[in-house]
Amino acid sequence: MSAGVRIAVVALVAHDRVLLVHRHPSRQSFPDLWDLPGGHLEDGEDCSDAAARECLEELGVGVKNLLQVPVGLAIPGVDARAFVTSCWSGSPANLEPDEHDDLGWFTAEELVGLTMVHPSTRAAVEGALELGISC
């Protein structure tokens, strides 16, 4: 990945719904918006390892079988990688209430009414839902 801000996010998909997190209104970056769970890569960390670590830290779930999907975030200085999976252990819960004040499962139709971090996130999530992946 290139220099700058490096992030990895994950679309957890179950029964034609995707899990999204709502960024806390007090967040400095992108407050009060819906997004995929994930976060910054640590030094020397692989994208998929970062995505898995973030899911464990933020949601308490252990993800596997991550499939990388295109996400076109046009945010200068940000290199974002997105993954999708329907395979995880544990029940997603908000373990980072200072980062997220809500989480929810949404269908593709329900995404239309949400304000997302970036418009391309919605297209990436819709694409993930269309994949019809299974464990």
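Starting from 1, each residue takes its place in the sequence as its number.
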When every non-hydrogen atom of A11 is compared with those of V18, the smallest separation belongs to CB-CG2, 3.8 Å
Is R23 reaching over with its side chain to a backbone N or O of S29, donor-acceptor style, under 3.5 angstrom? yes
Do L36 and V13 sit in one hydrophobic cluster, given that two such residues count as connected whenever their side-chain heavy atoms are within less than 4.5 Å of each other, even indirectly? yes
Flag yes if L56 and V61 sit in one hydrophobic cluster, no otherwise; membership is Ile, Leu, Val, Met, Phe, Trp, Tyr, and two members link when side-chain heavy atoms are under 4.5 Å apart. no
Output for pair (D32 CG, T115 OG1), nearest 0.5 Å, gives 8.0 Å
Before giving the answer on side-chain contact (heavy atoms from CB on, under 4.5 Å), spell out for D98 and H24 the whole-Å C-alpha distance, their side-chain angles and the decisive distance to 0.1 Å. CA-CA 7 Å; D98 292 338; H24 198 282; 5.9 Å; no
Determine whether D79 and I7 satisfy the following criterion, side-chain contact (heavy atoms from CB on, under 4.5 Å), listing intermediate values before the conclusion. CA-CA 6 Å; D79 186 356; I7 63 170; over 6 Å; no
P31 versus P25, closest heavy-atom pair with distance: CB-O, 3.3 Å
Rounded to the nearest 0.5 Å, what's the gap from CG on N94 to CD on E99? Could you check? 9.0 Å
Indicate yes or no for a side-chain donor-acceptor contact from E58 to the backbone of L95 under 3.5 Å, with no hydrogens or angles considered. no
Looking at CZ of F30 and CE of M116, how far apart are the two atoms once the value is rounded to the nearest 0.5 Å? 12.5 Å
Please check: side-chain N/O of E45 versus main-chain N/O of E42, any donor-acceptor pairing under 3.5 Å? yes
Shortest non-hydrogen separation from V63 to A52 and the atoms involved: CG2-CA, 3.6 Å
How many angstroms lie between atom CZ of R81 and atom OG of S48, to the nearest 0.5 angstrom? 11.0 Å
Starting from V84, can I reach L20 by hopping between I/L/V/M/F/W/Y residues whose side chains sit under 4.5 Å apart? yes
Value rounded to 0.5 Å, distance of CG in L59 from CH2 in W88: 10.0 Å
Under 6.0 Å from the CG atom of D102, do we count more than 12 heavy atoms belonging to anything else shown? yes
Residue pair L33 / H22, side-chain heavy-atom distance below 4.5 Å: no
Note: N65 and C87 closest approach over all heavy atoms is ND2-SG, 3.5 Å
Using salt bridge (charged side-chain N to carboxylate O under 4.0 Å, His left out), reason through E110 and R17 one step at a time and then give a plain yes or no. CA-CA 9 Å; E110 292 169 328; R17 293 181 180 272; 3.1 Å; yes
Scanning both residues in full, the closest heavy-atom pair of A8 with A50 reads CB-CB, 4.3 Å
Check the hydrophobic clustering (I, L, V, M, F, W, Y; side-chain heavy atoms under 4.5 Å; chains of links allowed) and say if L12 and F106 are grouped together. no
In Å, rounded to the nearest 0.5 Å, how long is the span from CG of D49 to CG of L41? 9.0 Å
Side-chain heavy atoms nearer than 4.5 Å, only ILVMFWY residues, links allowed to pass through others: does that put L67 and V9 together? yes
